[in-house]
Amino acid sequence: MSKTEPVSDAWSLTIPEFKPEDNPHGLLEESSFSTRFPTYREAYLKKCWPLVEKILGAHFIKAELDLVEGTMTVCTTRKTWDPFIIVKARDMIKLLSRSVPIEHAQKVLEDQNGSDIIKIGTMVRNKERFLKRRQRLIGPAGCTLKSIELLTNCYVQVQGQTVAAVGPYRGLAQVRRVVEDTMKNVHPIYNIKALMIKRELAKDPKLKNENWSRFLPKFETKSVGAKKKPKKKVKKPYTPFPPPPQLRKVDVLLATGEYFLTEEEKRRKKRSERFRKDEEAKIRREEKRKEPFIPPKEETILSKPAASSDVDIEQLKKKVKKQKLR
């Protein structure tokens, strides 16, 4: 079902119940399926296995747990009359191996429910990006995953590189779409909003058979600019001679004369070097404290240049004579 199509009637079809009277002769051949489980699930499976045998025994399916080989096996018996129940039992033990609790894994045995294990490990190559998008699917404190479960009526378990889902077939298709879009860098909030809008539109009989594309949020991908290329390093001129060898620590000590010092002299030298650095730092701190108290330099007003000492005496005598004659 695409995002722009209304709710299809194919999902709401009721499956007729299969009864023992429909297959009175039972099964002709024995069928069995086996699956492995990780070591960390051994304790839980050992604890709940009697309940698994009881649930599958009601459908005349035999279940075996091999802790040595680390496998779970289900097989039909002579009393098994439903030919598809063995496939459901296979899905149930697969879910148990993917950390799904027995309370939710047993729902797959019902006719209206199914299961889906989505492999997300190969969808993103970069490990850091994969972990970031997987955490985005879970959400803070698992709130995003809980929202998906409420809107799809499915139980969803994110474990390692797979996502296991149990619930109605319509919800499984929606869960797969949300998971795949999240791994393709589409935030799950867009799909959650679309599911909420679809749920409200499905309640209106007038809009049931209309196109819902105008009501759904549209996601537009933004093209991020390419990263700036680093500056090219200038190649040094080629020289056929190798670079000079670096001095070893012993050579440096020999050059400075510290190699021949005793332990006491080395400690004394380190102590004096530390004291010298402390004194220099103390002087810098004092100078910094005195900076606000240093008066600013005042601008000096330049006086007019004095008269030249070289005076013409003859010219001065003539001026005096002229004033007396007057």
Side-chain angles (χ1 to χ4, degrees), residues 1-13 91 94-95 98-101 103-108 110 112-224:
M1 184 178 67
S2 64
K3 294 182 181 180
T4 58
E5 293 179 357
V7 179
S8 176
D9 293 331
W11 294 109
S12 57
L13 292 175
D91 295 341
K94 281 187 177 181
L95 291 171
R98 300 311 306 162
S99 300
V100 177
E103 294 82 6
H104 298 283
Q106 66 177 347
K107 294 179 183 178
V108 77
E110 301 173 4
Q112 65 272 16
N113 291 336
S115 66
D116 191 7
I117 296 178
I118 308 164
K119 296 180 180 180
I120 60 176
T122 56
M123 292 183 181
V124 183
R125 292 184 179 180
N126 189 286
K127 187 177 180 181
E128 294 180 1
R129 197 177 292 124
F130 167 74
L131 295 174
K132 185 178 180 181
R133 293 179 186 177
R134 187 181 66 177
Q135 183 59 35
R136 187 185 297 169
L137 179 65
I138 299 171
C143 63
T144 305
L145 199 65
K146 190 65 178 177
S147 302
I148 296 171
E149 290 179 353
L150 292 173
L151 291 169
T152 59
N153 296 324
C154 295
Y155 175 80
V156 185
Q157 176 70 33
V158 181
Q159 178 68 27
Q161 297 184 356
T162 59
V163 178
V166 188
Y169 293 99
R170 183 207 298 272
L172 294 176
Q174 293 170 346
V175 170
R176 176 171 278 273
R177 187 188 310 121
V178 173
V179 172
E180 289 179 352
D181 287 349
T182 304
M183 290 294 126
K184 293 176 183 177
N185 202 21
V186 178
H187 203 280
I189 191 63
Y190 292 100
N191 287 303
I192 290 172
K193 285 183 179 180
L195 290 173
M196 293 173 67
I197 294 169
K198 285 179 182 179
R199 174 175 283 189
E200 295 299 323
L201 292 173
K203 296 177 182 178
D204 191 351
K206 296 180 181 179
L207 300 173
K208 189 174 182 181
N209 298 320
E210 292 187 10
N211 192 352
W212 294 348
S213 59
R214 64 182 187 274
F215 301 108
L216 301 178
K218 295 180 181 179
F219 174 74
E220 296 179 359
T221 56
K222 296 180 181 179
S223 58
V224 182

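The structure presented is a predicted model; accordingly, all values stated were derived computationally and were not measured. Scope of the values below: all heavy atoms of this structure, side chains included, with no hydrogens, waters or symmetry mates.
Between Asn113 and Glu110 there is a side-chain heavy-atom pair separated by less than 4.5 Å. Residues Gln157 and Arg98 fail the side-chain proximity criterion, which asks for heavy atoms closer than 4.5 Å. Counting only heavy atoms from C-beta outward, the side chains of Leu150 and Ile148 never approach each other to under 4.5 Å. With contacts defined as side-chain heavy-atom distances shorter than 4.5 Å, the pair Met183/Arg134 qualifies. By the 4.5 Å heavy-atom criterion applied to side chains, Val163 and Leu137 are counted as neighbours. Thr144 places none of its side-chain heavy atoms less than 4.5 Å from the side chain of Ile138. Taking 4.5 Å as the limit, every side-chain heavy atom of Asp181 sits out of range of all side-chain heavy atoms of Pro188. In this structure, Thr162 and Ile120 have side chains that are not in contact, with every pair of non-hydrogen atoms separated by 4.5 Å or more.
Leu172 contributes atom CG, which lies 7.5 Å from atom OG of Ser115 (distance to the nearest 0.5 angstrom). We find the NZ-NE2 distance between Lys193 and His187 to be 10.0 Å, quoted to the nearest 0.5 Å. Separating the CZ atom in Arg133 from the CG atom in Asn185 is a distance of 4.0 Å, to the nearest 0.5 Å. Atom CZ in Arg170 sits 10.0 Å away from atom CG in Asn153 (nearest 0.5 Å). Atoms CG and OG, on Asn191 and Ser147 in that order, are 12.5 Å from each other to the nearest 0.5 Å. In this structure, OH in Tyr155 is found 7.0 Å from CD in Glu149, a value given to the nearest 0.5 Å.
Counting only distance, with no hydrogens or angles, the side chain of Arg199 and the backbone of Leu151 share a donor-acceptor pair below 3.5 Å.
Contact detail for Gly171 and Cys154: the closest heavy-atom pair is C-SG, 3.5 Å. The heavy-atom pair separating Val108 from Gly114 by the smallest distance is CG2-C, 3.9 Å. Contact record, Val100 with Ala105: CG1-N, 3.9 Å, taken as the closest heavy-atom pair.
For the pair Arg176 and Glu180, the salt-bridge criterion is met [side-chain N within less than 4.0 Å of a carboxylate O].
Summarising the local packing, CD of Glu128 is surrounded by 12 or fewer heavy atoms from other residues, nucleotides or ligands at distances under 6.0 Å.
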Test side chain to side chain contact (heavy atoms under 4.5 Å, CB included) applied to Leu201 and Met196, step by step: CA-CA 9 Å; Leu201 292 173; Met196 293 173 67; over 6 Å; no
